[in-house]
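See below for the structure under consideration.
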Amino acid sequence: MIWNREMECISREELEEIQLKRLQDTVRRAYENVPYYHEAFEKEGVYPEDIESLDDITRLPYTTKDDLRKVYPFGMFAVPRKEIVEVHTSSGTTGKPVVSGYTRKDIEIWSEVMARGLTMMGLTEDDVIQNTHGYGLFTGGFGVHYGAQKIGATVIPISTGQTRRQIEIMKDFGTTVMIFTPSYGLYLSEVAAEEGFDPAESQLKAIGFGAEMWTEEMRAEIERRFNAPAFNIYGLTEIMGPGVAMECSEKNGLHVAEDHFYPEIIDKNGERVGPGERGELVLTTLTRVGMPVIRFRTKDITSIDYEPCACGRTLARISRITGRVDDMLKVRGVSVFPSQIEKALLRIDGIEPHYQIIVTRPHLMDELEVRVETSPELFSDDIRQMVETRDRIEEFIENEIGLRVKVTLVEPGTIPRSEGKAVRVIDKRNL
């Protein structure tokens with residue numbers, strides 16, 4: 001099923017004509033109505049009339065999260081505040097939060113791109129969607145909600161938490177689609193088991209998940225526990241929220257809504273790289289009215305594929321996000337991404353998919369410890385098997401990251417559970 005066949009199956013030539021026209025309009029509106037961009041363009045010596053082709057986007061300066069924070073709260077709005085009908089923000093855990101403002105037209109666009117993505121997952125007006133994403137300032141809950149309403153599905157806006165109530169609702173309301181973060185999905189399955197309910201025997205037909213790093217091994221584990229296919233949802237507060245890119249039934253990358261968001265991939269020097277090459281994703285809004293954002297450096301690491309998909313859609317696909325530029329840990333000179341450790345862990349039998357990475361510097365050298373929960377069966381077995389499992393995990397991780405680490409096996413249920421984004425890394429070097 002395809003929600004908007006005209007745009008999702010458009011030819012590359014027609015799409016680029018639309019993108020250029022919308023890019024030119026966005027740059028003009030940003031220059032004329034957002035003081036930050038007016039000053040930034042003047043500083044670079046570039047003006048709206050200089051954008052004559054899509055390649056001319058490289059003449060425009062990048063926008064970073066720090067840039068958005070500097071104009072907190074409403075300095076990026078391109079319309080009078082009275083035209084902004086909704087605001088969301090980032091968490092603000094590492095500084096001032098980023099404020100994202102939406103006009104009525106922006107809400108319509110958000111609903112449209114999410115409707116496309118939910119349709120990719122096989123959803124129709126007959127579905128019952130249980131949305132566990134937060135409905136506060138976090139964009140996740142509302143984005144899914146708007147898209148589900150757009151296609152006419154029934155939405156259960158239960159939001160985050162109330163985990164035992166989540167299980168009850170799933171049973172009583174006949175939920176067919178669950179939306180959650182991967183870590184919360186695992187926790188839900190554990191609580192369901194405690195309640196004597198097997199999600200695999202429910203009416204679930206699809207799962208939508210995202211908002212944190214995950215591996216294919218993690219997806220497989222979630223699909224096994226819920227007996228339903230799990231689809232990747234990508235978005236970010238600064239650009240729109242969930243729906244910037246979504247995964248279709250092929251699960252071979254996430255289709256970017258390119259008529260609304262223009263993607264680029266750059267290397268560490270800020271230079272663009274070609275299709276298939278990994279780098280940092282950069283996004284430009286093409287239709288957003290209330291808050292146009294130009295060349296935003298997402299810090300998310302991915303690659304892009306412009307070849308048409310087997311599903312029939314022609315919009316470009318980005319690969320699963322495998323890490324963030326700022327999530328990378330430097331340990332004894334080695335670059336380590338948490339997703340690499342997760343990949344190694346999920347290949348081992350007898351352990352649970354709950355872990356924490358602890359980085360310390362007790363003396364002059366960095367030390368990396370991985371705390372991993374065991375299964376109840378393994379924890380109750382003899383010490384020799386525990387030692388063998390620990391050694392095997394250490395070997396798998398070393399093969400994955402090229403660094404020997406300390407692995408500590410802990411009792412089931414000891415790693416803190418998350419009802420949102422899991423805290424996987426504790427870097428005590430910075431405390």
Side-chain angles (χ1 to χ4, degrees), residues 15-81 84 90 94-101 103 106 109 236-240 244 256-275 277-304 306 316 318 324-326:
L15 175 62
E16 289 181 351
E17 289 180 6
I18 292 171
Q19 287 177 318
L20 177 58
K21 184 176 183 302
R22 291 179 173 179
L23 175 63
Q24 292 169 328
D25 178 63
T26 295
V27 172
R28 178 187 55 77
R29 286 188 300 105
Y31 180 78
E32 293 176 355
N33 299 302
V34 183
Y36 167 80
Y37 279 124
H38 187 95
E39 182 180 338
F41 292 175
E42 292 271 353
K43 185 177 180 181
E44 293 293 323
V46 62
Y47 302 93
E49 57 269 24
D50 295 330
I51 307 303
E52 299 178 340
S53 70
L54 284 175
D55 285 340
D56 286 334
I57 195 173
T58 60
R59 302 181 63 181
L60 299 170
Y62 291 116
T63 305
T64 67
K65 182 168 283 193
D66 285 340
D67 294 329
L68 301 182
R69 286 171 174 154
K70 289 174 185 175
V71 294
Y72 173 90
F74 303 143
M76 291 298 290
F77 292 176
V79 298
R81 203 273 312 150
I84 299 293
S90 62
T94 57
K96 281 280 189 184
V98 171
V99 177
S100 195
T103 64
D106 295 329
I109 292 169
L236 57 167
T237 302
E238 295 82 0
I239 296 299
M240 179 66 79
V244 171
V256 181
E258 286 186 274
D259 51 325
H260 296 289
F261 314 107
Y262 186 78
E264 303 172 82
I265 307 293
I266 62 172
D267 62 21
K268 62 182 180 181
N269 298 315
E271 299 297 323
R272 288 211 288 189
V273 301
E277 295 184 64
R278 300 197 69 77
E280 180 183 355
L281 176 64
V282 173
L283 291 167
T284 297
T285 63
L286 297 177
T287 53
R288 194 165 176 187
V289 178
M291 186 176 148
V293 180
I294 295 169
R295 302 197 83 195
F296 180 72
R297 296 189 62 156
T298 68
K299 296 190 176 181
D300 291 325
I301 299 170
T302 184
S303 62
I304 195 162
Y306 291 99
I318 55 172
R324 287 176 54 80
V325 173
D326 55 355

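Heavy-atom basis, side chains included; hydrogens, waters and symmetry copies ignored.
A donor-acceptor pair under 3.5 Å links the side-chain atoms of Gln19 to the main chain of Glu258, judged by distance alone. Of the possible donor and acceptor atoms, none in the side chain of Thr103 sits under 3.5 Å from a partner among the backbone N and O of Ile84. For Arg272 (side chain) and Thr58 (main-chain N/O), no donor-acceptor pair under 3.5 Å exists by modelled atom type. Of the possible polar contacts, none joining the Thr302 side chain to the Ile318 backbone as a donor-acceptor pair under 3.5 Å is found. Within the 3.5 Å criterion, the main-chain N or O of Ala78 finds no donor-acceptor partner in the side chain of Arg29. Checked by atom type and distance alone, the side chain of Asp106 pairs as donor or acceptor with a backbone atom of Gly290 at under 3.5 Å. When atom types are taken as modelled, the side chain of Asp50 and the backbone of Val46 share no donor-acceptor pair closer than 3.5 angstrom.
With Lys65 as the fixed residue, the side chain to side chain contact (heavy atoms under 4.5 Å, CB included) test singles out one of Lys299, Arg297, Glu238, Lys70: Glu238. Screening Leu283, Ile109, Thr285, Val293 against Met240 for a side chain to side chain contact (heavy atoms under 4.5 Å, CB included) leaves a single residue, Ile109.
Tyr262 is linked by a ring pair (Phe, Tyr, Trp, His ring centres under 6.0 Å) to nothing, counting only residues two or more places apart in sequence or in another chain.
Taking the six-membered ring where tryptophan is involved, the planes of Tyr37 and Phe41 are tilted, since the angle between them lies from 30° to 60°.
In this structure the side chain of Glu16 reaches within 4.5 angstrom of the side chain of Leu54, judged on heavy atoms. Using a 4.5 Å cut-off on side-chain heavy atoms (C-beta onward), Leu60 and Val27 make contact. Between Thr298 and Leu236 the shortest side-chain heavy-atom distance falls below 4.5 Å.
Around CZ of Arg278, the count of heavy atoms belonging to other residues, nucleotides or ligands within 6.0 Å exceeds 12.
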Yes or no on salt bridge (Lys or Arg N to Asp or Glu O under 4.0 Å) for Arg59 and Glu44, after CA distance, side-chain angles and deciding distance?
-> CA-CA 8 Å; Arg59 302 181 63 181; Glu44 293 293 323; over 6 Å; no

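We find that Arg28 and Glu32 are joined by a salt bridge, their nearest charged nitrogen and carboxylate oxygen being less than 4.0 Å apart. Under a 4.0 Å N-O distance rule, the pair Asp25/Lys21 does not qualify as a salt bridge.
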